[in-house]
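Hydrogens, waters and symmetry mates play no part in the numbers below; they use all other heavy atoms, side chains included. Residue numbering restarts at 1 for every chain, and letters A, B, ... go by the order of the sequence lines. All figures in this text were calculated on a predicted structure; none of them were measured in a lab.
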Amino acid sequence: MHFKDLRIGLRQLAADPGYTAVVVFGLALAAATTLLLLAYLDTVLLSDRDVPGAQRVLRLESKTNTPGADKGWIDGGAMAFHDHWKESGARVEASSRYFTREMSLRVGQRMAFERISFVDAGLVDVFGLKPLAGDLRATLEKPDALALSARTAERLFGRTPALGKTITLAGRSFTVGAIVRDRGAGSALKTAVLVSILSPAMPEPFRLKEWASLRGTIFVRLQRSATFSGFNEQVNRYFEQTPFYREAFPSYGKIGEYRGTPLPDLPLAGAETDSTRRLVAGLSLSCLVISLLAAINFLNLSVVRTIGRQREIGIRKALGASPAHIALQFIGEAMLVALLACGTGFLLAWLAAPMVGDWVGLPIADSLWSPARCGLALAFGLALGALAGAYPAWVALRVDCAQSLAGRGHTETLAGQWLRRGLSLLQFGTAIAMIGFTVTVLWQTRHAQGAHPGYETAPLLIIDAPADMRDERLLALREAISHLPGVDAAGLAWDVPGRFNRNTTADLQGQKGETVLQAFSYVGPDFFQSYGVRPIAGRVFDAKDDPQDYDDRIVINASSSRQLGFATPAAAAGQFVRMGRHSVEIIGVIPDIRQRSLRDAASGVVYSVASARMVSVMSIRTRDPAATRLAIQQMWPRYFPDDVLRIEPVRTHLARLYDSDLRLGKLIGAGGIIALALAGFGLYALSAYTVRRRTAEIVLRKLHGARRRDIARLLARELGAALFAGAVLGLPVAAWLGEQYLAEFVDRAPIGFWALAISLLVTTLMALLAATRHTARAMAISPAHALRA
Amino acid sequence: MLKLSGVSKLHRTGDIETTALDTIDLEIESGEYLAVTGPSGCGKSTLLGILGLLDVPSAGQYLFDGTDVSGWSESRLAQMRRGRIGFIFQSFNLLDDLTVAENVALALEYGDVPARQRKPRAEEAMSKLGIAHRAGHRPSQLSGGQQQRVAIARALVSRPRVLLADEPTGNLDSAHGNEVMRILREINREGTTLVMVTHSPSHAAQASRTLRLLDGRILVDAIAA
């Protein structure tokens, strides 16, 4: 291959802008998707690659095995283990408890809301952390010092050196003792602000000693001689000797289990990584499909073009070009196109990175550019180009020199034609499958976001307060808010029903003496009023009759009433049942209100006004949300001067439950639209080729009296067959993918066959659009003109 | 220089087999000017294709410059063609994407001519054919006669010993046709072996030897007086 060949290739690309745009843009989309996928995988999988001996660093994860509880692993476990490694026999070299929460900070008069990580000094050894400035270990040993990441320091102090500066956290002063490097967004360790877990700012210090607590976790570095299985065995054996484990109901059997997950495995194999796995699969699928479709387009268009270049190939052969020369020329041209496409793809990736980053919930734009990643994407693009250019090169090699120079056309083999038709069908099928799946995901997500949670959401505002009910300020604030004009009720609870993310259960004794496990929810006395939930039997809590921490009365929901064996809700109201070791009165029954997402079935829930230390979420029912919000913003600093007000409509919280679904839908949707566009381009090329191949036949038919509509019918038959075969291929895949996705939901949108019908309709419209131009051209062919040519 | 012994060429389409050349024996000496005539479909172009190593015989032996090329691979045939054989076609077969100069220089790309010599060689060929002033034009911007001059320049630029012309005047008016014939005669006088397929009796009469084919066989092989 000569440089001049490439120059000629470039000139030919410029002379045929339509072809060039379709091919380059198609491959560019493949390159852009690949680069974005690599950036995403880099952020998710490799944020902790700098940790020395990462395989020996484990995060403690646990799962609850009690009946009715969520059986999945969670990224939390008893931090009490930290003080018992020696007794447990686990060969731990270093360890650090880890409790993280978003909290307010004050720097002078400025407020900020940051993720605070409460840790032990052992974290330095576990992660091999090296401070950029200051003494990190000493900082984490002090109760009144903290470390900031470089970006946090810049955010809080600008260009002024942060070391030695004072920050107020939870009403206490802390000195900045160290600056650490920012970790990747996908890191298991959040280092924006690091504070000693023994500092007075630790929000829930009681968790440090509790074996029942699963909030917070521990990172450990194993000794070189230790094994994972040995660690897991020792941890579980020790856990089973704890009073918490031994005192649990024997009928539950093994109530909990622990495991250590190595740091490199956390992103995909760790606990609570379902949404990440879904996103990785979604992005990989989109990338694969787009690359495949782009390659098919490239191949199809290149072959049509190669057939049109037979004379040139004949001349080159006559002038002494060997088969290797010809093959290299065509593959070289393909690589040139791929190179152009990669350049365009990098530009597209750069433009799309913030949007895609938003969809996947990670700032992937930060890790988009690196020589290795760009090199990998470039190599992928070139390999794709070379692969897709190989078949046209083969077609070029088969050109009969003497025949082509004599002007007698030679086309590809019948098998080749069928292969390309098959690939076009594959394009159609893929587009249909992806559009169908996208419709299913987005429809279900919309259904889930709009699903009624069992209470009126429209006038409800939620405040995530920085203090619990033991704090007089929170009670005073609630009182003040309840007297605001337009406010009907202001209640407290430990969470928002629907976003309920805590896993506490209670054991109740059913009517037949059996133990029935129920979800347990702590609420304030005004909770039900604020949510507008009325009892279907008995009564709900009331501030006058049911004071705070009055723990011998419960309210249950309708499911709980059934599960406890009561014939009707009315039969349950006023009854006494055993809860744990105490007797409690069921003062009323409420209808089921959704405690979790649509993926979970309604379950029995017990509501209690006990345990004020848990209750920190305020719900406000108001007739004028805007005015109420403004009034709260004005009064907030009087109660919590060191904290940022976090107030949002309850709908915002509920919508977040389906964030990952919406992201997946957007990703698959973007992939589907691109797939559809590429299939459209492919069809455009196929119809161009069909018309060119059948020109003589069309002319002859016209000579024998065929009308324009007869010609249209002739072409429509061929394209209709392609569409039909694509539908046969794609619709079952769309149905299967949709079913797999919907299987996770208990409450499903009434999609039926609509997703399939919509995908078929959209693809048909696209097919009509793509084939119109060449069909019209074929209908307009003048027999006289064609015969002259 | 070129020797065909018992050469046949069969074309097969499905079950139908047609004989394009039937046991041809032909020897062409160096410097000869051979005109090949005959009705359409008699095998003229097939013969030219085999002589030019573009096609391979189905049977028989072909000695090119004393070398038996029967059964050679496409790569070896391409190597043999390079710089040894020039082609001129009725439809010119110029590439519209290239300029005149690039079309001419294309013939040097696959040979052993060093890159720095290609441009002067192409300019020399264009000057010889009187088209140097059209070097930067595209073929579509030239008249038929000029296009054929470009094709001849491309055929000559590699200084081949054999020039094969397939109806070189077929697409030209008589004035341009005569001009092309004059150029070809000159090239032959300079020592290049010339084999020309033509339908024109007057052009055939200008050759030193005439071959008339019919149904793939040599009907007449006459040397001019």
Side-chain angles (χ1 to χ4, degrees), chain A residues 1-17 19-20 305-306 308-330 332-333 336 393-411 413-414 788-789, chain B residues 9 11 20 44-56 73-99 102-113 115 118 138 151 154-155 157-158 160 164 166-167 170-171 197:
Chain A
M1 184 180 57
H2 298 83
F3 175 70
K4 190 181 277 180
D5 290 339
L6 286 184
R7 216 173 59 197
I8 292 167
L10 263 178
R11 207 178 285 169
Q12 285 175 339
L13 289 176
D16 201 347
Y19 159 86
T20 307
R305 211 172 139 73
T306 303
R309 288 172 68 183
Q310 288 176 81
R311 200 164 61 100
E312 177 201 336
I313 298 162
I315 293 167
R316 287 184 182 277
K317 284 186 171 180
L319 294 175
S322 66
H325 276 126
I326 300 290
L328 272 176
Q329 184 195 341
F330 275 79
E333 283 183 23
L336 183 73
W394 184 74
V395 171
L397 286 179
R398 287 178 48 85
V399 167
D400 186 316
C401 184
Q403 295 290 314
S404 63
L405 289 174
R408 288 189 282 273
H410 159 89
T411 53
T413 60
L414 203 61
R788 271 201 304 278
Chain B
K9 179 69 184 176
H11 291 301
K44 302 187 295 290
S45 294
T46 306
L47 177 64
L48 209 65
I50 288 175
L51 289 173
L53 305 176
L54 298 177
D55 210 345
V56 288
S73 70
E74 202 180 329
S75 292
R76 288 185 76 188
L77 291 174
Q79 202 175 357
M80 182 63 100
R81 272 200 302 275
R82 274 178 223 152
R84 293 186 179 88
I85 308 174
F87 293 92
I88 302 168
F89 305 97
Q90 178 182 354
S91 53
F92 320 135
N93 278 332
L94 298 173
L95 300 182
D96 280 336
D97 292 317
L98 306 186
T99 63
E102 285 168 340
N103 264 289
V104 173
L106 192 67
L108 299 174
E109 274 190 18
Y110 304 107
D112 301 327
V113 180
R118 288 179 197 162
R138 294 292 166 91
R154 185 180 65 191
V157 72
S158 58
L164 304 175
D166 192 357
E167 299 196 43
N171 275 357
V197 166

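Of the atoms belonging to B:Asn93, heavy atoms from both backbone and side chain fall under 4.5 Å from chain A. Contact of B:Ile50 with chain A is not made at all, since no heavy-atom distance falls under 4.5 Å.
Annotation: salt bridge (Lys or Arg N to Asp or Glu O under 4.0 Å) contacts of B:Glu167 (sequence neighbours excluded): none. With sequence neighbours excluded, no residue forms a side chain to side chain donor-acceptor pair (under 3.5 Å) with B:Asn103. Contacts of B:Lys44 classified as salt bridge (Lys or Arg N to Asp or Glu O under 4.0 Å), with partners at least two apart in sequence or in another chain: none.
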- Could you give me the CA-CA distance, side-chain angles and deciding distance for B:Glu74 and A:Leu397, then say whether side chain to side chain contact (heavy atoms under 4.5 Å, CB included) is met? CA-CA 10 Å; B:Glu74 202 180 329; A:Leu397 286 179; 5.9 Å; no
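B:Leu48 is not listed as a side-chain neighbour of B:Phe87, based on a closest heavy-atom distance of 4.5 Å or more. In this structure the side chain of A:Gln329 reaches within 4.5 angstrom of the side chain of A:Arg316, judged on heavy atoms.
The interface of residues 78-86 of chain B with chain A, defined by heavy-atom distances below 4.5 Å, comprises B:Ala78, B:Arg81, B:Arg82.
Without hydrogens or angle criteria, B:Lys9 side chain to B:Asp55 main chain gives no donor-acceptor distance under 3.5 Å.
Between chain A and the options B:Leu95, B:Leu164, B:Asp166, B:Leu53, the largest number of non-hydrogen pairs under 4.5 Å is found for B:Leu95.
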